[in-house]
Amino acid sequence: MPKSNFFERVYEVVREIPEGMVTTYGRVALQVRSGPSGSRINISPRMVGWALHANKEGSGVPCHRVVNKDGRLAPSYAFGGYHEQRNRLLSEGVKFLDELHVDLDRCGCHD
DNA sequence: TATTTGACGATTT
DNA sequence: CAAATCGCCAAAT
């Protein structure tokens with residue numbers, strides 16, 4: 001079994017995001033860290049984004065539901081462009097405050 | 001083995 | 001809000 005459950009942890013958490021809901025990289029990092037006991041993985045928000053970038057759409061991970069802390073889509077987003085991303089979120093019921101900012105007040109995972 | 005890089009976060013200026 | 005800085009840690013070279 002792979003030692004770096006690193007990616008898998010991230011993928012699993014992201015995969016758990018319900019539709020119409022968005023989360024942030026930092027939040028995912030915390031989830032992974034607070035995830036199942038025994039993980040003992042130290043992850044920083046950077047790693048989340050990095051893992052997701054390494055990931056592909058076909059991996060079954062809805063990366064489009066993950067935004068940065070500003071509630072904005074990733075600046076270096078590369079899987080289709082902002083329009084594609086925005087459209088997807090809108091289709092799920094996520095509201096946008098601006099072209100680039102999602103309504104974290106409603107759809108963001110608070111705690 | 002060392003250096004660079006990277007879908008971020010928080011803080012400060 | 002923008003720009004700069006530090007932290008954070010795994011992968012690629």
Side-chain angles (χ1 to χ4, degrees):
Chain A
M1 63 184 306
K3 315 170 226 195
S4 6
N5 294 347
F6 170 70
F7 292 89
E8 306 207 357
R9 298 282 169 184
V10 177
Y11 297 156
E12 179 142 12
V13 172
V14 175
R15 213 175 283 164
E16 289 293 308
I17 303 172
E19 298 181 5
M21 185 74 76
V22 294
T23 191
T24 66
Y25 294 100
R27 214 67 74 165
V28 173
L30 293 173
Q31 286 280 14
V32 172
R33 222 193 261 198
S34 295
S37 317
S39 305
R40 75 162 127 87
I41 303 179
N42 281 328
I43 191 173
S44 74
R46 267 197 139 125
M47 310 280 66
V48 178
W50 191 48
L52 262 57
H53 191 203
N55 172 38
K56 293 174 181 46
E57 295 185 62
S59 303
V61 183
C63 4
H64 57 270
R65 290 187 197 141
V66 187
V67 294
N68 59 12
K69 201 35 173 73
D70 294 326
R72 151 140 76 99
L73 304 177
S76 303
Y77 196 64
F79 78 152
Y82 295 109
H83 305 290
E84 184 67 35
Q85 196 58 332
R86 188 164 70 80
N87 211 328
R88 275 193 187 187
L89 293 171
L90 285 171
S91 293
E92 296 185 356
V94 177
K95 297 188 176 179
F96 273 71
L97 305 175
D98 295 294
E99 287 277 311
L100 274 44
H101 293 75
V102 301
D103 192 346
L104 285 178
D105 274 346
R106 266 175 78 80
C107 311
C109 308
H110 297 271
D111 273 68

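Letters A, B, ... mirror the listed sequences (proteins, then strands); counts begin at 1.
Summarising the geometry, the separation between CG on D70(A) and P on dA2(C) is reported as 10 Å, rounded to the nearest angstrom. Distance, H53(A) NE2 to dA12(C) P: 13 Å, rounded to whole Å. Spacing between atom CZ of R72(A) and atom C1' of dA2(C) amounts to 11 Å, rounded to whole angstrom units. Nucleotide dA7(B) holds its C1' atom 14 Å from the CG atom of L89(A), rounded to whole Å. In this structure, CZ of F6(A) is placed 14 Å from C1' of dA12(C), rounded to the nearest angstrom. Going from atom CZ of R33(A) over to atom P of dA10(C) covers 11 Å, rounded to whole Å. dG7(C) atom C1' lies 15 Å from atom CD1 of I43(A), rounded to whole Å.
In a base pair of the Watson-Crick type (N1 to N3 plus N6-O4 or O6-N4) or a G-U wobble (N1-O2 and O6-N3), with each distance short of 3.5 Å, dC1(C) is matched with no nucleotide.
A residue-by-residue look at R46(A) and W50(A) shows that R46(A) has its nearest nucleotide of DNA chain C further toward the 5' end.
Residue S44(A) places its side chain closer to dC8(C) than to any other of dA7(B), dG9(B), dC8(C). For M47(A), the side-chain atoms get nearest to dC9(C) when compared with the rest of dA7(B), dC9(C), dG9(B). Closest contact between the side chain of T24(A) and the listed nucleotides dG9(B), dA7(B), dA11(C) involves dG9(B). With dC9(C), dA11(C), dG9(B) as the choices, the nucleotide that has an atom nearest any side-chain atom of P45(A) turns out to be dG9(B).
The backbone N or O of I43(A) lies less than 3.5 Å from a partner atom in the side chain of R33(A), making a donor-acceptor pair. With Q85(A) contributing its side chain and H64(A) its backbone, the two residues share a donor-acceptor pair below 3.5 Å. H110(A) contributes a side-chain N or O that, together with a main-chain N or O of D105(A), makes up a donor-acceptor pair within less than 3.5 Å. Judged by distance alone, the side chain of Y11(A) and the main-chain N or O of A51(A) form a donor-acceptor pair under 3.5 Å.
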